[in-house]
There are 2 protein chains.
Amino acid sequence: MIIEVDPDGDVPIYQQLRDRVVEAIATGALKEGSPLPSTRALATDFGINFHTVNKAYDLLRRQRLLRINRKSGAVVSRDASSGPAEPEFVADWTGRATTLLAEATARGLTRDDILDICRTVLATFGEESEES
Amino acid sequence: MIIEVDPDGDVPIYQQLRDRVVEAIATGALKEGSPLPSTRALATDFGINFHTVNKAYDLLRRQRLLRINRKSGAVVSRDASSGPAEPEFVADWTGRATTLLAEATARGLTRDDILDICRTVLATFGEESEES
DNA sequence: TCACTGTTATACAAGTTATAGAACAGACCA
DNA sequence: TGGTCTGTTCTATAACTTGTATAACAGTGA
């Protein structure tokens with residue numbers, strides 16, 4: 001799993017990190033139980049501060065995607081096959097999806113354009129084998 | 001068209017405003033040529049500063065969704081039927097959609113759950129008549 | 001003229017982001 | 001035991017973002 005981070009982008013580094021981990025879980029590159037590098041190790045890898053990595057891990061922990069102990073470090077806590085989504089999350093997600101879909105529609109993508117893109121992206125998820 | 005804004009939410013006010021306008025364009029509540037209130041009028045309506053409204057309008061102008069002149073004020077510059085999307089936008093949008101779809105997948109929504117939600121949301125767009 | 005508009009400039013308080021250094025305690029290994 | 005790594009917590013700082021506040025200017029239209 002190769003993760004890249006752009007320190008000069010619009011998106012905060014800690015959120016880019018979070019997003020890349022979420023995507024890795026979706027694709028199956030990271031599965032329930034997969035260990036993640038320690039905050040300090042990952043920080044030196046990327047040339048960033050370990051507090052920044054800590055913030056990303058903390059976000060993922062609060063979204064129940066990571067378990068973090070002093071013992072086992074950071075471990076993936078769920079993946080695409082873990083169980084049904086919480087209704088609270090679904091409501092929140094639907095709101096965010098509405099804004100994103102509205103933007104595509106307003107900018108000229110048709111309903112079918114949009115659904116094709118979604119299907120294409122979703123087809124890349126859950127394919128079970130990615131390099132580590 | 002009734003717009004609500006939450007000053008205490010996680011999302012900046014100017015971005016909430018931008019999102020609501022984008023959604024109104026997608027649903028058809030705002031069409032090509034529809035005038036928007038002046039920045040100062042909208043600001044006093046919401047009890048916020050007119051610079052905040054200005055920032056939202058400026059965002060929408062840079063996304064080519066608004067035309068703004070001293071003469072005609074802020075006017076919707078395109079809608080769902082305006083023409084094909086720019087490839088640059090599609091690439092950027094696909095990236096953001098990937099992150100959002102990954103989050104849904106990681107949190108337990110299935111491919112069909114997700115597509116159903118997208119279809120449902122898209123069905124509410126372009127229905128041509130909304131109150132003003 | 002007068003009121004309204006968009007536009008621009010400056011300033012300030014509060015919050016966010018990223019970095020930095022320090023310290024503590026649990027885990028692990030030699 | 002001692003040393004090292006880990007997560008966790010605390011403080012501090014610089015840079016940037018967000019939102020508010022005033023002020024000023026120029027074009028528009030009644």
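If you're wondering where the values come from, they're calculated on a predicted model, not measured in any experiment. By convention in this document, chain letters (A, B, ...) are assigned in the order of the sequence lines, proteins followed by strands, and residues within each chain are numbered from 1.
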Round to the nearest Å and state the distance from A:Asn49 atom CG to D:dT11 atom C1'. 14 Å
Name the residue from B:Leu66, B:Asp58, B:Leu60 that meets the side chain to side chain contact (heavy atoms under 4.5 Å, CB included) definition with B:Arg62. B:Asp58
Between B:Asn54 and A:Ile48, just flag the one whose closest nucleotide in DNA chain C comes earlier from the 5' side. B:Asn54
Short side-chain N/O contact from B:Thr52 to OP1 or OP2 of D:dG19, under 4.0 Å: no
Just the rounded figure in Å: distance from P of D:dG19 to CG of B:Asp10. 12 Å
Interatomic distance where CD1 belongs to B:Ile68 and C1' belongs to C:dC4 [whole Å]: 17 Å
In this structure, how many angstroms lie between the P atom of D:dG7 and the CZ atom of A:Arg67, rounded? 15 Å
What is the distance from CZ of A:Arg62 to P of D:dT8, rounded to the nearest Å? 12 Å
Find every protein N or O atom lying less than 3.5 Å from an N or O atom of nucleotides 15-18 of chain D, and list the pairs.
from   : atom 1 : to      : atom 2 : distance (Å)
D:dT18 : OP1    : B:Tyr14 : OH     : 2.8
D:dT18 : OP2    : B:Tyr14 : OH     : 3.0
D:dT18 : OP2    : B:Lys55 : NZ     : 3.2

Here the distance between atom P of D:dG19 and atom CG of B:Asp6, to the nearest Å, is 11 Å
So if I apply the side chain to side chain contact (heavy atoms under 4.5 Å, CB included) rule between B:Leu36 and each of B:Val53, B:Leu42, B:Val21, which one comes out positive? B:Val21
Evaluate side chain to side chain donor-acceptor pair (under 3.5 Å) for B:Thr110 paired with B:Asp112, printing each intermediate quantity in order. CA-CA 5 Å; B:Thr110 67; B:Asp112 291 338; 5.4 Å; no
Sole candidate of B:Thr94, B:Asp92, B:Thr98 that passes side chain to side chain contact (heavy atoms under 4.5 Å, CB included) when paired with B:Arg96: B:Asp92
Is there a donor N/O on one and an acceptor N/O on the other, under 3.5 Å, for the side chain of A:His51 and the base of C:dT17? no
Minimum-distance nucleotide to A:Phe50 side chain [options: C:dG21, D:dA24, D:dG7]: C:dG21
Tell me the interatomic distance from B:Asn69, atom CG, to D:dG29, atom C1', rounded to whole angstroms. 15 Å
Applying salt bridge (Lys or Arg N to Asp or Glu O under 4.0 Å), can you list everything that pairs with A:Arg40, at least two apart in sequence or on another chain? none
When only distance counts, do a donor and an acceptor, one from the side chain of A:Arg70 and one from the base of C:dG26, lie under 3.5 Å apart? no
Does the side chain of A:Leu65 come within less than 4.5 Å of A:Ser77's, by heavy atoms? no
Would you say the side chain of B:Arg40 and the base of C:dT7 hold a donor-acceptor pair, judged only by whether the two atoms sit under 3.5 Å apart? yes
Does any part of the side chain of B:Leu101, heavy atoms only, come nearer than 4.5 Å to the side chain of A:Cys118, both counted from C-beta? yes
A:Lys71 atom NZ is separated from D:dT8 atom P, nearest whole Å, by 15 Å
